[in-house]
**Student:** 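Following this message is one structure expressed as structure tokens.
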2 protein chains.
Amino acid sequence: MTPPRADAVRNRARILDTAEQVLVEHGTTVSTEEIAKAAGVGIGTLFRHFPTKEELIRGVFEARLERLAADATRLATEGDPATALPAFLRQAVEQSEVKNALAGMLASAGVDVHELSGAPQRALREALGTLLHKAQQAGTVRRDLEVPELIGLLAGTSKAMEYAGDAAGRHRILAVVLDGLRAT
Amino acid sequence: MTPPRADAVRNRARILDTAEQVLVEHGTTVSTEEIAKAAGVGIGTLFRHFPTKEELIRGVFEARLERLAADATRLATEGDPATALPAFLRQAVEQSEVKNALAGMLASAGVDVHELSGAPQRALREALGTLLHKAQQAGTVRRDLEVPELIGLLAGTSKAMEYAGDAAGRHRILAVVLDGLRAT
DNA sequence: GCAAAATAGAAGTCATCACTCCGCTTATCG
DNA sequence: CGATAAGCGGAGTGATGACTTCTATTTTGC
């Protein structure tokens, strides 16, 4: 179990980064070769790091989940319980605003998102749980909501954003969802 | 421009119907041959009716839009203005509940949904507009909402449904969106 | 009942990928 | 510095699948 060489680490990160951009922009139908070229590495290198296209996509997806989970955790510990959840939603959705495709990517790759249950998935679920419970305790979010629905609303709102014509439209969509989240 | 023969019409419809089922179930990666087999027609026949796989998929998609538009129109003319829009949303979302995939299909086929601007697209847009304005006039839906956002919310809510664990979860998601739609 | 239109589906073409293999390069460590 | 193995690039391979073509057969419309 010797540590990997420095350039290997660098390349892996580089591939993940580039793959995310390319996949989000062109969909999962892009060839691995194109991803490799965009990342500035040979195909061989790409396949050594990710033995399968599916594994590459999964890697990209999990990296994204990890970032989301980190954001959620930060807000859960540092932020105001009453507003942390809306703030998170707003931020997460704005992030994916440019091009969503989060789960759609996997779906079109034939992977069922809902069966994904790795560590990042769990981490996100947990962080969202904390965020949700705090908000409910603070009385700013309806009490009947649970984590799975929250995740759904997150994904759904991202999706909805794609259809908004402009920033004002996006704002209105977010307003609908946030209003709907409030305690009734 | 002689009218097509009866069996040709029948086959076309049959292909569209079957393709929808198969595509929704297995994703756009299924081979055309498989679709043809499922529809009980030869490959040649399939390709005569839809010269391209993309055109077939587009056909399926448009058929679906037409059905949606028809539903919306019916509710707009027959239903109670105050409740027609929520009723439509509920119904549309429940319909896609079994398998959403509506737009995801096209996306994974490399077609951009937002650039689709055929007749069915327009019909749906128009019907939704009527539905929306009536509801706003009746005071049951927030006045700041416009059609693009409504379409987005429709797509987004469908998506969100996929993540709900059970019927209760789906109900809660719908409740969030419907509450958010209400006039503030 | 017959000509025209349509169909089944076998066989073949051709392009596109995912993935493999292997000779070369370079980071790392003594 | 030099050895060495970890890592790299990219030509090549095999499978797949969209689409074509063609013949024998069936269906339809008049």
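All values reported here derive from a predicted model rather than from experimental measurement.
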**Student:** As a test of reading the structure: which of D:dC8, C:dA18, C:dC19 is closest to the side chain of A:S31, going by heavy atoms?
**Tutor:**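 Of D:dC8, C:dA18, C:dC19, C:dA18 is nearest to the side chain of A:S31.
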
**Student:** Choose from C:dA8, D:dG9, C:dA11 the nucleotide whose nearest atom is closest to any side-chain atom of B:T45.
**Tutor:**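 Output: C:dA8.
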
**Student:** Which is true for B:V9 with a 4.0 Å heavy-atom rule: it touches a base, it touches only sugar-phosphate, or it touches nothing?
**Tutor:**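 Answer is nothing: B:V9 stays at 4.0 Å or more from every strand.
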
**Student:** Taking atom P of D:dG17 as reference, at what distance in whole Å does atom CD1 of B:I57 sit?
**Tutor:** 14 Å

**Student:** Take the protein atom NZ of B:K53 and the nucleotide atom P of D:dG17, then report the distance between them rounded to whole Å.
**Tutor:**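 Roughly 8 Å, once rounded to whole Å.
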
**Student:** Rounded to whole angstrom units, what separation is found between the CZ atom of B:R10 and the C1' atom of D:dT26?
**Tutor:** 12 Å

**Student:** Given C:dA11, C:dC19, D:dG9, which nucleotide is nearest the side-chain atoms of A:R48?
**Tutor:**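 So the nucleotide nearest the side chain must be D:dG9.
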
**Student:** Quick check for you: among D:dC19, D:dA11, C:dT28, whose closest atom lies nearest to any side-chain atom of A:I43?
**Tutor:** D:dA11

**Student:** If we ignore hydrogens and angles and just use 3.5 Å, is the side chain of B:K134 paired with the main-chain N or O of B:G129 as donor and acceptor?
**Tutor:**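 Between the backbone of B:G129 and the side chain of B:K134 there is no qualifying donor-acceptor contact (under 3.5 Å).
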
**Student:** With a 4.0 Å cut-off on N to O distance, would you call A:R90 and A:E94 a salt bridge?
**Tutor:**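 Looking at A:R90 and A:E94, the cut-off is not met.
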
**Student:** Between A:H49 and D:dG7, is there a side-chain N or O to OP1/OP2 distance below 4.0 Å?
**Tutor:** no

**Student:** Between C:dC19 atom P and A:E34 atom CD, what is the distance in whole Å?
**Tutor:**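 It is 16 Å, rounded to the nearest whole Å.
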
**Student:** For C:dA18, take OP1 and OP2 only and decide whether either is under 4.0 Å from a side-chain N or O of A:T32.
**Tutor:**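 Looking at the OP1 and OP2 atoms of C:dA18, one of them is under 4.0 Å from a side-chain N or O of A:T32.
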
**Student:** Would you say the base of C:dT28 and the side-chain of A:R5 have a donor-acceptor pair closer than 3.5 Å?
**Tutor:**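 Absent.
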
**Student:** Expressed as a whole number of angstroms, how long is the span from A:R12:CZ to D:dA6:P?
**Tutor:** 18 Å

**Student:** State which of D:dG29, C:dC19, C:dA6 makes the closest approach to the side chain of B:D7.
**Tutor:**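 Nucleotide nearest to B:D7's side chain: C:dA6.
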
**Student:** Whole Å only: how far is the NZ atom of A:K37 from the P atom of D:dC8?
**Tutor:** 19 Å

**Student:** Hey, is A:R67 close enough to A:E20 for a salt bridge, meaning N to O under 4.0 Å?
**Tutor:** yes

**Student:** In whole angstroms, how far is the P atom of D:dG12 from the CD atom of A:E33?
**Tutor:** 13 Å

**Student:** Between D:dC8, D:dG29, C:dA18, which one does the side chain of A:N11 approach most closely?
**Tutor:**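 That would be D:dC8.
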
**Student:** Are B:D71 and B:R74 ion-paired here, with the side-chain N under 4.0 Å from a carboxylate O?
**Tutor:** yes

**Student:** Any donor and acceptor pair, going by atom type alone, linking the side chain of A:K159 with main-chain N or O of B:A160 inside 3.5 Å?
**Tutor:** no

**Student:** Quick check: on DNA chain C, is the nucleotide nearest B:G42 upstream (toward 5') of the one nearest A:P4, or the reverse? Name the residue that is more 5'.
**Tutor:**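 This one resolves to B:G42.
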
**Student:** Rounded to whole Å, how long is the line connecting atom CG of A:L23 with atom P of C:dC17?
**Tutor:** 14 Å

**Student:** Touch check for A:T2, heavy atoms < 4.0 angstrom, all strands: base, sugar-phosphate only, or nothing?
**Tutor:** nothing

